[in-house]
Amino acid sequence: MKETIIALLDEALAALKQQGLVPADTAPRYKVDPTKDKAHGDYASNLAMTLAKPAGKPPREIAQALVDALPESPAVRHVEIAGPGFLNFFAATDAVAQVVKTVLETGDTYGRSLVGAGEKVQVEFVSANPTGPLHVGHGRGAAIGDCLCRLLEATGYDVTREFYYNDAGAQIQNLALSVQARARGLSPDHPSWPEDGYRGGYIIDVAESYLAGDTVDADDQHVTAAADPDDLDAIRRFAVAYLRREQDLDLKAFGVEFDVYFLESSLYRDGKVAATAERLADKGHTYEQDGATWLRTTDFGDDKDRVMRKRDGDYTYFLPDVAYHLDKWQRGFTTVINEQGADHHSTVTRVRAGLQALEAGIPPGWPDYVLHQMVLVTRSGEEVKLSKRAGSYVTLRDLIDEVGRDATRYFLAARRADSQLTFDIDLARSQSNDNPVYYVQYAHARLCSVMRKAEADERPFDHDLAMDNLVRLESDQEKALMNRLARYPEVIAHAAANREPQQIAQYLQDLAADFHTCYNAVKVMVDDAALRNARLALGLATRQVLRNGLDLLGVSAPEEM
RNA sequence: GCGCCCAUAGCUCAACCGGAUAGAGCAACGGCCUUCUAAGCCGUGGGUUGCAGGUUCAAGUCCUGCUGGGCGCGCCA
């Protein structure tokens with residue numbers, strides 16, 4: 001429908017150029033958008049307004065000329081000029097109803113596109129170090145990152161989900177010492193407890209499992225405990241595997257799986273950190289000062305230079321970060337999206353500067369970042385801070401256990417990443433109309449119920465009869481619903497291009513609202529077979545789009561509630 | 001002090017590369033189940049989009065300066 005209108009307008013524009021009303025070299029960037037108000041028809045265009053300046057005439061005058069030049073089309077019932085010069089298109093019912101046919105023909109693939117075909121995209125997200133259970137912030141990253149991946153897949157990209165973690169640094173040593181202390185029966189208040197040790201109760205579980213000689217299988221780690229409290233190296237390996245397994249279990253319960261687990265230690269082992277340091281020095285962007293080696297990141301937009309090798313000879317975390325991103329580039333990812341907490345935003349400039357200093361042909365501004373703000377969890381209006389397992393923070397597992405996977409995913413993905421999020425546990429777990437997740441899922445369940453009714457009445461859906469009678473879907477509510485269905489592909493494209501998964505949640509709320517309104521206004525199972533089947537077709541199409549959209553969020557579409 | 005992000009109805013949030021009268025849900029009030037799931041629908045009230053300028057035919061959206069909040073500013077990650 002939209003394409004039809006664009007084609008008509010392009011013809012009219014060509015005619016105006018012919019008449020000399022508009023300079024022949026004018027190439028306006030105009031829009032044809034669905035209207036918010038049905039009094040404005042189905043679609044509106046701002047073409048006349050964009051032509052006002054080049055033509056040197058008032059927009060409404062241009063609009064009239066465009067209307068006069070507009071070719072007849074069976075899809076368009078009539079056109080109005082309104083407001084400052086909008087062209088409002090009122091679509092013919094059967095043109096609007098074509099979307100029902102399209103949805104039923106394309107099914108699961110409705111809304112998908114191939115704009116990213118052939119392009120490899122990597123999304124790095126969660127990337128928690130294996131020093132404890134995942135917290136709510138990781139959950140937000142997991143929800144946003146995974147939905148982004150689904151969106152990118154839906155727009156044709158070849159997506160790799162990647163999880164990066166440090167398995168060998170000071171934090172891991174600290175973890176090993178903490179587990180060792182627990183294995184020796186010490187508690188955090190004991191004088192020999194390691195300074196800055198991990199105090200959470202989960203460390204006890206790790207220690208007990210280690211002493212029991214357990215074998216753990218994580219997605220990327222398989223280790224059997226040595227059970228010897230003096231073997232710190234064995235403890236370290238076991239603790240990392242144990243906590244990785246815990247994280248994987250949480251992520252699986254959340255419906256998130258990764259293609260690649262990337263270990264920071266592998267960058268050292270494969271000589272990539274050293275090679276990166278050498279290359280930076282070769283390109284002349286480093287200098288020695290105070291016994292340390294610095295990278296002149298200020299040449300690439302940073303506000304101060306950064307130490308890349310410390311006085312003690314070790315590299316700072318920053319250098320493996322650069323080496324890691326160079327590796328991503330060399331793996332052929334033209335687009336890389338890093339989903340991280342906004343508390344790490346300072347690394348953005350630094351990593352990009354480091355990559356530029358390599359002079360490796362990496363575009364400035366590569367990679368992309370999606371940064372999410374903090375999550376505040378509340379219950380009964382009070383902030384929730386503590387968790388039994390982790391001690392100092394609310395875990396992802398706590399939320400999944402308490403409010404369920406669907407509601408947790410939905411709540412964490414349904415808000416813009418760059419705004420702070422309040423996760424209201426009471427709201428998320430309420431099985432009532434307060435809860436937006438159920439509102440959308442209920443629409444799906446209701447439609448399934450209608451289909452069951454059709455079967456039970458032995459008046460099953462007749463596809464051919466329905467297709468011949470789509471023109472019968474002529475109420476305002478049905479047209480609004482069909483126009484909403486028609487917008488879905490654009491919503492996906494826009495959400496993917498802008499890396500904004502919350503737009504899918506928003507769309508689903510709108511779609512569900514249009515459906516519920518329609519459901520209350522128009523009875524499906526009427527005796528008129530032609531009308532009944534047309535309405536069943538609309539119901540099937542709506543159910544399909546609800547399913548497709550919920551799938552993008554990783555939320556289930558229940559058949560009954 | 002410097003940098004990044006945010007500020008929209010009483011509350012939680014939308015608003016599609018700038019478009020018409022800024023929209024939903026919750027909360028408040030009034031209606032709708034002998035009819036396909038009332039976890040629903042219909043209606044009423046609720047706004048100087050933090051403040052002040054600027055660009056534009058058109059600004060919640062873009063620019064500048066303020067105010068308020070979050071995060072960051074380590075030879076930690």
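Throughout, protein chains are lettered first and strands after them, A, B, ... in sequence-line order, and every chain is numbered starting at 1.
For Arg60(A) and C57(B), the shortest distance from a side-chain N or O to OP1 or OP2 is not below 4.0 Å. The phosphate of C13(B) (OP1 or OP2) has no side-chain N or O of Gln420(A) nearer than 4.0 angstrom. The side chain of Ser346(A) places no N or O atom within less than 4.0 Å of a non-bridging phosphate oxygen (OP1 or OP2) of C71(B). The side chain of Lys36(A) places no N or O atom within less than 4.0 Å of a non-bridging phosphate oxygen (OP1 or OP2) of G19(B). Dashed line: the shortest gap from a side-chain N or O of Tyr439(A) to OP1 or OP2 of C41(B) is under 4.0 Å. For His344(A), no side-chain nitrogen or oxygen approaches OP1 or OP2 of C71(B) to under 4.0 Å.
Atom-to-atom, CG of Leu371(A) to P of G70(B) comes out at 19 Å; the value is rounded to the nearest Å. Computed from coordinates, the Ile504(A) CD1 to A15(B) P distance equals 12 Å when rounded to whole Å. Between Leu295(A) atom CG and C75(B) atom P the separation is 14 Å, expressed in whole Å. Rounded to whole Å, the distance from CD on Glu455(A) to P on C36(B) is 18 Å. In this structure, Leu427(A) atom CG and C26(B) atom P are separated by 11 Å, rounded to whole Å. Atom pair His345(A):NE2 and C2(B):P shows a separation of 15 Å (rounding to whole Å applied). Protein atom CZ of Arg532(A) is 15 Å distant from nucleotide atom C1' of U35(B), rounded to whole Å. A straight line from CG of Leu511(A) to C1' of G23(B) spans 17 Å, rounded to a whole angstrom.
Sequence order on RNA chain B of the closest nucleotides to Trp294(A) and Gln509(A) puts Gln509(A) first from the 5' end. Where Asp33(A) and Met451(A) each meet RNA chain B at their nearest nucleotide, the meeting point lying more 5' is that of Asp33(A).
The side chain of Asp343(A) approaches C71(B) more closely than any other nucleotide in the set U56(B), A20(B), C71(B). The side chain of Gln506(A) lies closest to A14(B) when the candidates are A14(B), A15(B), G40(B). Residue Val524(A) places its side chain closer to C36(B) than to any other of C36(B), G40(B), A77(B). Among A14(B), C75(B), G70(B), the nucleotide with an atom closest to any side-chain atom of Ser419(A) is A14(B). The side chain of Lys453(A) approaches C36(B) more closely than any other nucleotide in the set C36(B), A15(B), C41(B). When distances are taken from the side chain of Arg416(A) to each of A15(B), A38(B), C57(B), the shortest belongs to A15(B). When distances are taken from the side chain of Thr422(A) to each of A15(B), A77(B), U12(B), the shortest belongs to U12(B). In the set A15(B), C17(B), A20(B), A20(B) carries the atom at the smallest distance from any side-chain atom of Ala82(A). Which of U56(B), A77(B), U35(B) sits closest to the side chain of Lys523(A) comes down to U35(B). You'll find that the side chain of His40(A) is closest to A20(B), out of A14(B), G19(B), A20(B).
Aromatic ring pairs are classed by plane angle as parallel below 30°, tilted from 30° to 60° and perpendicular above 60°; the pair His325(A) and Trp366(A) is perpendicular. Using a 30° and 60° split on the angle between ring planes, His135(A) and Tyr393(A) fall in the perpendicular class, above 60°.
Across all strands shown, Asp290(A) has heavy atoms under 4.0 Å from base atoms, whether or not it also approaches the sugar-phosphate. Across all strands shown, Asn166(A) has heavy atoms under 4.0 Å from sugar-phosphate atoms exclusively, and none from any base. Among the atoms of the strands shown, none is found under 4.0 Å from any heavy atom of Gln340(A). Using a 4.0 Å heavy-atom distance criterion, Asn129(A) is classed as a sugar-phosphate-only contact. Nucleic acid contact class of Val437(A) (heavy atoms, under 4.0 Å, all strands): none. In this structure, Phe318(A) reaches neither bases nor backbone, as no heavy-atom distance under 4.0 Å exists between it and the strands shown. Glu560(A) comes within contact range of at least one nucleobase, with a heavy-atom separation under 4.0 Å.
Its glycosidic angle being within 90° of 0, C33(B) falls on the syn side.
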Stepwise side chain to side chain contact (heavy atoms under 4.5 Å, CB included) check, Ile504(A) with Leu151(A): CA-CA 9 Å; Ile504(A) 299 301; Leu151(A) 277 169; 3.9 Å; yes

Audit row: Glu560(A), Cys448(A), side chain to side chain contact (heavy atoms under 4.5 Å, CB included) steps and yes/no: CA-CA 7 Å; Glu560(A) 48 189 40; Cys448(A) 290; over 6 Å; no

Worked check of side-chain hydrogen bond (donor to acceptor under 3.5 Å, both in side chains) between Arg415(A) and Ser419(A): CA-CA 7 Å; Arg415(A) 302 265 182 279; Ser419(A) 65; over 6 Å; no

Side chain to side chain contact (heavy atoms under 4.5 Å, CB included) assessment of Met451(A) paired with Leu536(A): CA-CA 8 Å; Met451(A) 298 310 152; Leu536(A) 281 169; 3.8 Å; yes

Bracket string, RNA chain B, 5' to 3' - pairs by Watson-Crick or G-U geometry under 3.5 Å, | interstrand: (((((((..((((.....[...)))).(((((.......))))).....(((((..]....))))))))))))....

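Salt-bridge check for Glu490(A) with Lys2(A): passed, with a basic side-chain N closer than 4.0 Å to an acidic carboxylate O.
With Ser475(A) contributing its side chain and Glu478(A) its backbone, the two residues share a donor-acceptor pair below 3.5 Å. Between the side chain of Asn469(A) and the backbone N or O of Arg472(A), no donor-acceptor pair lies under 3.5 Å.
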Output a table of donor-acceptor pairs, distance under 3.5 Å, between side-chain atoms of residues 511-521 of chain A and any protein atom two or more places apart or on a different chain; print 'none' if there are none.
| unit_1 | atom_1 | unit_2 | atom_2 | d |
| --- | --- | --- | --- | --- |
| Asp514(A) | OD2 | Arg484(A) | NE | 2.6 |
| Asp514(A) | OD2 | Arg484(A) | NH2 | 3.2 |
| His516(A) | ND1 | Arg446(A) | NH1 | 3.1 |
| His516(A) | NE2 | Tyr439(A) | O | 3.3 |
| Thr517(A) | OG1 | Ala513(A) | O | 3.0 |
| Asn520(A) | ND2 | His516(A) | O | 2.9 |

